[in-house]
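Report on the structure given below.
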Amino acid sequence: MQRTSVEGVWLSTPEVRTDNRGTFHEAFRQDSFTESVGHPLRLAQANVSVSRRGALRGIHFAAVPPGQAKFVSCLNGAILDVAVDLRVGSPTFGRYTAHELSARNHHSLYLAEGMGHAFLALTDEATVMYLCSAGYTPHKEHVVDPFDPLLGIAWPRHPTPVLSPRDSEAPSLTELAFGNMLPSYESCARR
């Protein structure tokens, strides 16, 4: 596990063993995770999504409490995975980090509570698994415009992003901040 440029986001690059049968790697290991990040990942829910090329999911985040940390892996195909610091008062507030996660590179991304999460499917079919620290709570789930110029996320031009109606109508970071909808750095640090 290595830190990224955004506080609270870690990139996992496992050792992959290869032989004449294929490959093997440890996708998640609690003791190594805890040693790197400083706390265990409470596993409350695991989700799997299958997306077609160009599907852009997010930016999604859960209100704190309960918040929702995620450990994201791409099991088939490839995605551009993006984590955005939405914690008001954080030293990296409003910054993002983007990493390609794929079945080929076996990388995973850990996002602490208070982070926004989005991904763009780069292949014809991309299967993504999220290990989540809290279960889905519909009335606590929020979205941010993935094309908000304030965030300046450098999405690839191809494939052309395809969004859900909810994501395409998402408010800007400024609108969410003025509406007191964003989590605070302090409340996330207590989690």
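As a basis for the values below, the full set of heavy atoms in this structure was taken, side chains included, without hydrogen atoms, waters or symmetry mates.
- A donor-acceptor pair is defined here as one N or O able to donate and one able to accept, closer than 3.5 Å; no such pair exists between the side chain of Asp167 and the backbone of Ser164.
- Between Ala27 and Phe71, the shortest heavy-atom distance links the atoms O-CE2, 3.3 Å.
- Here Leu56 contributes atom CG and Phe147 contributes atom CZ; the two are 5.0 Å apart, rounded to the nearest 0.5 Å.
- Note that CD of Glu7 and CZ of Arg95 are 10.0 Å apart. Values are rounded to the nearest 0.5 Å.
- Ring pair Phe28/Phe33 is tilted by interplanar angle, where 30° to 60° counts as tilted.
- Tracing side-chain contacts under 4.5 Å through hydrophobic residues (I, L, V, M, F, W, Y), one never reaches Leu41 starting from Leu111; they form parts of separate clusters.
- Here the side chain of Thr4 pairs a donor or acceptor atom with the backbone of Val9 at under 3.5 angstrom.
- Trp10 is listed as a side-chain neighbour of Arg3, based on a closest heavy-atom distance under 4.5 Å.
- Take His142 and apply the ring pair (Phe, Tyr, Trp, His ring centres under 6.0 Å) test, not counting sequence neighbours, and it matches Phe61.
- Within a 6.0 Å sphere centred on CD of Glu35, other residues, nucleotides and ligands contribute 12 heavy atoms or fewer.
- Side-chain N or O atoms of Gln68 include one that pairs as donor or acceptor with a backbone N or O of Ala134 at under 3.5 Å.
- We find the CD1-CD1 distance between Ile59 and Ile153 to be 3.5 Å, quoted to the nearest 0.5 Å.
- The 12-atom threshold is not exceeded at CZ of Arg157, counting heavy atoms of other residues, nucleotides or ligands nearer than 6.0 Å.
- For residues 68-87, the salt bridge (charged side-chain N to carboxylate O under 4.0 Å, His left out) pairs, not counting sequence neighbours, are Asp85-Arg87.
- Side-chain N or O atoms of Thr137 include none that pairs as donor or acceptor with a backbone N or O of His139 at under 3.5 Å.
- Minimum heavy-atom separation, Gly58 to Pro146: O-CG, 3.4 Å.
- Annotation for Gly8 and Met115: closest pair CA-CE, 4.0 Å, computed over non-hydrogen atoms.
- Follow the hydrophobic side-chain contacts under 4.5 Å out from Tyr136 and you never reach Val48; the two are in separate clusters.
- A continuous path of hydrophobic side-chain contacts links Leu176 to Phe93 [ILVMFWY only; heavy atoms under 4.5 Å].
- In the hydrophobic clustering of ILVMFWY residues, with side-chain heavy atoms under 4.5 Å counting as a link, Ile79 and Val162 come out apart.
- How far NE2 of His107 is from CG of Leu101: 8.5 Å, rounded to the nearest 0.5 Å.
- No side-chain donor-acceptor contact under 3.5 Å links Glu100 to the backbone of Ala78.
- For Leu150 against Asp148, the heavy-atom pair with the smallest separation is N-OD1, 2.8 Å.
- Looking at heavy atoms from C-beta onward, Glu26 lies out of side-chain contact with Pro14 at the 4.5 angstrom threshold.
- Thr34 places no side-chain N or O within 3.5 Å of a backbone atom of Asp31 that could act as its donor or acceptor partner.
- The closest side-chain heavy-atom distance from Phe119 to Ser51 is below 4.5 Å.
- Not a single donor-acceptor pair under 3.5 Å links the side chain of Ser90 to the backbone N or O of Tyr185.
- Both Tyr96 and Val144 sit in one connected hydrophobic cluster of ILVMFWY residues. Membership requires side-chain heavy atoms under 4.5 Å apart, directly or through other members.
- Here the straight-line distance linking atom CZ of Arg57 with atom CG of Leu163 works out to 10.5 Å at 0.5 Å rounding.
- Here the straight-line distance linking atom CG of Leu80 with atom NE2 of His99 works out to 9.5 Å at 0.5 Å rounding.
- Of all non-hydrogen atoms in Pro159 and Leu122, the two that sit nearest each other are CD-CD2, 4.4 Å.
- Heavy-atom minimum distance, Ala83 versus Leu109: CB-CD2, 4.3 Å.
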With side chain to side chain contact (heavy atoms under 4.5 Å, CB included) as the test, would you mind laying out the steps for Leu151 and Asp145 before giving the verdict?
CA-CA 9 Å; Leu151 296 174; Asp145 179 1; over 6 Å; no
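- Taking the six-membered ring for Trp and thresholds of 30 and 60 degrees, His25 and His106 have ring planes inclined between 30 and 60 degrees apart.
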I'd like a table of donor-acceptor pairs (distance under 3.5 Å, sequence neighbours excluded) in which one partner is a side-chain atom from residues 124-133, with atom names and distances.
| from | atom 1 | to | atom 2 | distance (Å) |
| --- | --- | --- | --- | --- |
| Asp124 | OD1 | Arg53 | NE | 3.0 |
| Asp124 | OD1 | Arg53 | NH2 | 3.2 |
| Ser133 | OG | Ala69 | N | 2.8 |

